[in-house]
Amino acid sequence: MQVGEKITLIQKQVKRYAVLLAAAADFILIAIAIFSYSNAVKHLSVWDIMSEQIQIQDIDNQTSEGMLYITDEFPMKKGHYVYWVEYEGGAPDTWIYPYAYVDYYDKVEMKEFYFHEGCSGEKVEFGVNADLMVRFYLQHHGSGEVHIKEIHLEETPMQARKDLLGSMAWLAAVNILLFIYCYDKRHPIAVSTKYVFAGLSALVLIVSYPLFTGYALNGHDFDFHMVRIEGIKDGLLAGQFPVRINPDFFYGYGYANSIMYGELLLYFPALLRLAGISLTDTFCIYGFLVNVLTVFGAYWCFSRMLRDKAVGVIVTLLYVTAPYRMLNMYLRIAAGEYSAMIFLPFLAYGLYGIYVSDTEEKSFRYRFIPLTIGLTGIIQTHVLTGEMAAIFIGLTCLVLIKRTFTGKRFRELAKSVGVTLLLNAWFLVPFADYYITQDIKVARVRDFAHIRKTGADLSQIMALFPQYEAENDMPKALGLALALGLVLCAVMLWAVKKEQCGVKKSACFFLPAGILATWMSTVYFPWDSVADRLGGLGELLLAVQFSWRYLGIAMLFGAIAAGFALLMLKEKEGKQVFAAASVVLCMLAAISGIYFMQECMNQGAKAELSGLEGINTQHAAMEEEYVLCKKNYDLVEEVHEPRVYGGAVIEDYEKQGTNIRFHAESNGAEGYVLLPLLAYKGYGLKSSEDSLGAEYLTEGPDAVVQVTIPEGFSGDIEVRFQGFWYWRLAEAVSVITLAALLLYVWRGRHNGRKVNM
């Protein structure tokens with residue numbers, strides 16, 4: 001056999017067993033990654049710096065003030081560490097911290113250890129971002145006396161876990177590309193589709209590059225969302241599923257934000273936290289995932305609405321790089337709001353498909369699904385976006401009232417509403433239950449008088465270079481690209497006659513909607529008079545708190561209107577004019593988005609957190625919309641242990657999340673215990689031999705949980721959040737609805753129907 005024939009035979013064998021070879025390669029690479037992780041975990045560095053190695057062991061009033069190093073340098077590799085100090089005495093104004101003197105910025109997190117009286121051994125976590133020589137420094141202010149006995153320093157497995165996750169992510173990406181390559185060989189993919197995929201992937205990377213820096217940008221709502229993620233993780237560890245009361249807010253007293261604020265997507269970063277990935281890394285990974293879903297989801301919707309792949313990509317770029325979206329991601333850190341922006345295109349496409357599609361098509365029966373996806377996604381991410389969307393859905397139904405009540409169209413609208421309610425019953429039922437029956441701030445306190453003042457002015461709306469303003473007045477920009485897109489749409493509607501009737505009719509809807517949403521986001525909209533005239537509906541309008549929130553709706557309608565304008569321009573003036581206009585809009589959008597991202601990176605505060613260290617979990621709740629009105633601010637901040645009154649005696653007290661266990665006895669008379677939990681309804685009590693009924697668990701003073709210990713009682717007591725039977729029923733309804741919806745789609749495909757959504 002000739003050499004050429006042997007090579008050909010080998011190539012045929014490789015092709016024949018390509019899948020098995022790829023699987024074997026994956027197995028080997030996964031095994032190597034796991035072995036590397038296991039080896040790294042087994043060889044974590046540990047240092048014990050004894051008193052004789054510490055240059056200043058005794059700190060007292062005579063020690064000179066200022067910064068002094070107290071240890072020699074020692075090598076530390078890139079990773080995550082924890083240290084603690086064994087000492088005697090106390091000097092509350094003195095602290096030590098790890099430090100590396102290097103000529104490049106932020107390579108060691110200077111996490112301080114304070115010498116508070118009685119806190120010897122308290123652990124402090126920090127990160128080292130490169131292989132460095134590190135030593136401990138002391139900052140002394142001449143108050144108190146301390147004797148340092150020992151400094152303990154340990155490397156944690158967090159960096160090893162991060163490396164393992166990175167290896168798995170790269171392997172998954174390579175497998176996806178390999179799958180696409182093999183699929184293309186057997187079922188050739190159109191060249192235009194390849195270009196679209198490459199363009200959208202590049203767009204994802206462009207709008208995500210602030211997430212690849214190794215740190216998170218610490219913006220307006222950063223602490224709030226950090227505690228949300230960490231609270232889901234800790235709630236799951238404590239046995240809550242789904243998590244209803246976040247156990248980390250208010251120093252462990254708990255917060256009902258999980259009931260009042262959709263958190264379904266945040267379970268992904270919470271699972272990463274359970275896997276040991278640092279808090280800021282999980283948040284950056286989540287932001288990247290949101291960008292992926294927003295870009296590809298928006299293109300899927302826009303390309304079907306506009307029936308043009310090129311215009312679909314352009315509109316996606318206009319939408320994704322809109323300054324207001326960049327503002328939410330990198331300055332406001334409004335995770336709920338920018339997550340809801342994944343689903344706004346589905347909302348627009350769902351309504352468009354129901355109102356425009358031919359009702360005689362067999363696939364029309366599936367037109368409710370995109371609208372259901374959009375509604376569900378918004379409910380599960382940001383309720384206020386849902387309120388704004390509901391206003392424009394209502395206006396759509398009124399403006400197109402003749403089509404609204406056309407038999408099949410009305411059926412699809414009703415199906416979408418019904419399926420959405422059933423699909424989200426697990427969230428909506430507890431939400432409504434608390435909103436109606438609980439004395440929470442958001443349901444009782446309403447002050448929206450300032451909403452008009454929060455709007456943008458014309459110069460802000462049209463800004464090409466949105467200015468970073470973290471302190472005074474943040475940029476409230478629709479962006480020059482989207483503003484010109486609205487102008488172009490108006491011009492094309494005036495210039496184009498009846499030859500493009502369908503496109504023109506669609507543009508005639510989206511242009512006024514975009515202008516209205518933009519107007520509602522400005523100081524020029526008469527919010528006060530509108531609210532007064534509309535009564536309860538006006539209150540709903542004002543519930544968004546800030547009128548600039550309507551920029552999210554404006555950028556959606558503005559991008560779609562620009563897309564229809566480009567379609568009309570392409571048909572009327574030809575491809576060259578269309579290409580020129582497209583390039584101008586895309587360049588303006590890219591300039592605004594990239595400029596603002598760079599501004600955030602240059603001027604924004606940076607954070608690298610392994611957990612909630614350094615975050616005040618009471619202040620993180622911001623306006624405290626979902627707190628019980630009777631909550632005592634000072635009590636929650638200062639008292640973190642149970643308080644025992646009367647004849648009650650407790651011991652063996654344990655608290656994990658919102659779960660509390662202790663042994664209680666009555667010392668000759670009835671007594672009671674006040675627990676460090678806010679008294680939201682839904683907590684249950686379990687005692688030895690079930691001797692205590694539900695009536696012994698009540699709301700005590702300052703809205704905390706009270707457990708009454710009757711005379712003669714002796715036994716173990718457990719208090720945990722358990723909800724209600726009708727919440728369990730709502731959860732079952734949602735699961736059944738999801739299963740039925742998936743079966744409905746699968747049967748349609750299995751029976752050969754075209755499931756066109």
Side-chain angles (χ1 to χ4, degrees), residues 228 232 235-236 239-244 258-272 274 286 289-290 292-294 296-298 300-301 304 335-336 339-351 353-354 363-383 385-386 389-390 393 411-434 722-751 753-757:
R228 290 178 74 199
I232 294 173
L236 292 173
Q240 282 195 68
F241 184 77
V243 177
R244 299 296 191 181
S258 297
I259 291 176
M260 307 301 295
Y261 197 139
E263 295 186 333
L264 184 61
L265 294 188
L266 293 185
Y267 278 77
F268 172 70
L271 292 176
L272 292 179
L274 285 172
Y286 176 73
L289 176 64
V290 168
V292 170
L293 295 176
T294 304
F296 284 92
W300 187 85
C301 296
R304 280 163 172 75
S339 298
M341 290 175 180
I342 300 171
F343 303 100
L344 284 175
F346 287 90
L347 202 66
Y349 173 55
L351 282 173
I354 290 173
S363 62
F364 188 78
R365 61 188 295 187
Y366 300 101
R367 287 291 182 184
F368 76 96
I369 295 178
L371 181 56
T372 301
I373 293 173
L375 291 171
T376 296
I378 292 171
I379 289 170
Q380 294 297 335
T381 52
H382 197 241
V383 173
T385 298
I393 292 172
R411 183 191 66 189
E412 293 304 300
L413 288 170
K415 280 166 62 177
S416 182
V417 172
V419 173
T420 298
L421 291 175
L422 294 175
L423 201 57
N424 295 278
W426 73 275
F427 171 76
L428 294 174
V429 169
F431 177 93
D433 189 14
Y434 262 41
Q722 59 190 28
F724 302 94
W725 66 268
Y726 50 92
W727 291 14
R728 304 286 88 77
L729 179 62
E731 291 162 9
V733 167
S734 294
V735 171
I736 293 170
T737 302
L738 178 61
L741 184 61
L742 294 174
L743 180 62
Y744 181 73
V745 175
W746 179 82
R747 288 187 62 183
R749 292 185 181 275
H750 183 71
N751 293 335
R753 300 192 190 105
K754 186 179 180 182
V755 184
N756 186 3
M757 296 187 285

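Every heavy atom of this structure was used, including side-chain atoms; hydrogens, water molecules and symmetry mates were not.
- Residues forming a side chain to side chain donor-acceptor pair (under 3.5 Å) with Gln380 (at least two apart in sequence, or on another chain): Asn424.
- In this structure, Leu371 CG and Thr376 OG1 are separated by 9.0 Å, a value rounded to the nearest 0.5 Å.
- With sequence neighbours left out, Ile393 forms a side-chain contact (heavy atoms from CB on, under 4.5 Å) with Leu347, Leu351, Leu375, Cys397.
- Applying the side chain to side chain donor-acceptor pair (under 3.5 Å) test to Glu263 and every residue at least two apart in sequence or in another chain returns Arg228, Asn257, Ser258.
- Taking each heavy atom of Pro370 and Gly350 in turn, the nearest pair found is CB-CA, 3.9 Å.
- Between the side chain of Arg367 and the backbone N or O of Ser363, no donor-acceptor pair lies under 3.5 Å.
- Among residues at least two apart or in separate chains, salt bridge (Lys or Arg N to Asp or Glu O under 4.0 Å) pairs with a member in residues 722-736 are Arg244-Glu731, Arg728-Glu731.
- Counting all heavy atoms, side chain and backbone alike, Val429 lies closest to Ala730 at CG2-CB, 3.7 Å.
- Annotation: side-chain contact (heavy atoms from CB on, under 4.5 Å) contacts of Leu265 (sequence neighbours excluded): Tyr286, Ser339, Ile342, Phe343, Thr381.
- Minimum heavy-atom separation, Leu236 to Phe241: CD2-CD1, 3.6 Å.
- Distance check: Leu271 CG to Tyr267 OH gives 9.5 Å after rounding to the nearest 0.5 Å.
- Residues forming a ring-ring contact (aromatic ring centres under 6.0 Å, His included) with Phe431 (at least two apart in sequence, or on another chain): Phe427.
- The minimum heavy-atom distance between Val243 and Ile232, with the atom names listed, is CG2-O, 3.6 Å.
- Of all non-hydrogen atoms in Ala340 and His382, the two that sit nearest each other are CB-CB, 3.8 Å.
- Under the rule for a side-chain contact (heavy atoms from CB on, under 4.5 Å), the partners of Phe368 that lie at least two apart in sequence or sit in another chain are Thr372, Glu412, Lys415, Ser416, Val419, Leu741, Tyr744.
- For Arg411, there are no side chain to side chain donor-acceptor pair (under 3.5 Å) partners, not counting sequence neighbours.
- Between the CD1 atom in Ile379 and the OG1 atom in Thr385 there is a gap of 12.0 Å [rounded to 0.5 Å].
- Every residue meeting the ring-ring contact (aromatic ring centres under 6.0 Å, His included) condition with Tyr726, not counting sequence neighbours, appears here in chain and number order: Phe724.
- Here the straight-line distance linking atom CD1 of Ile736 with atom CG of Leu423 works out to 12.0 Å at 0.5 Å rounding.
- Between Ile259 and Trp727, some side-chain heavy-atom pair lies under the 4.5 Å cut-off.
- The two residues Pro430 and Ala425 have their closest heavy-atom pair at CD-O, 3.9 Å.
- For Val417, the side-chain contact (heavy atoms from CB on, under 4.5 Å) partners are Leu421, not counting sequence neighbours.
- Residues passing the side chain to side chain donor-acceptor pair (under 3.5 Å) test with Trp426: none are found, sequence neighbours excluded.
- Residue pairs satisfying the salt bridge (Lys or Arg N to Asp or Glu O under 4.0 Å) criterion with at least one member in residues 418-434, sequence neighbours excluded, are listed as follows: Asp433-Lys681.
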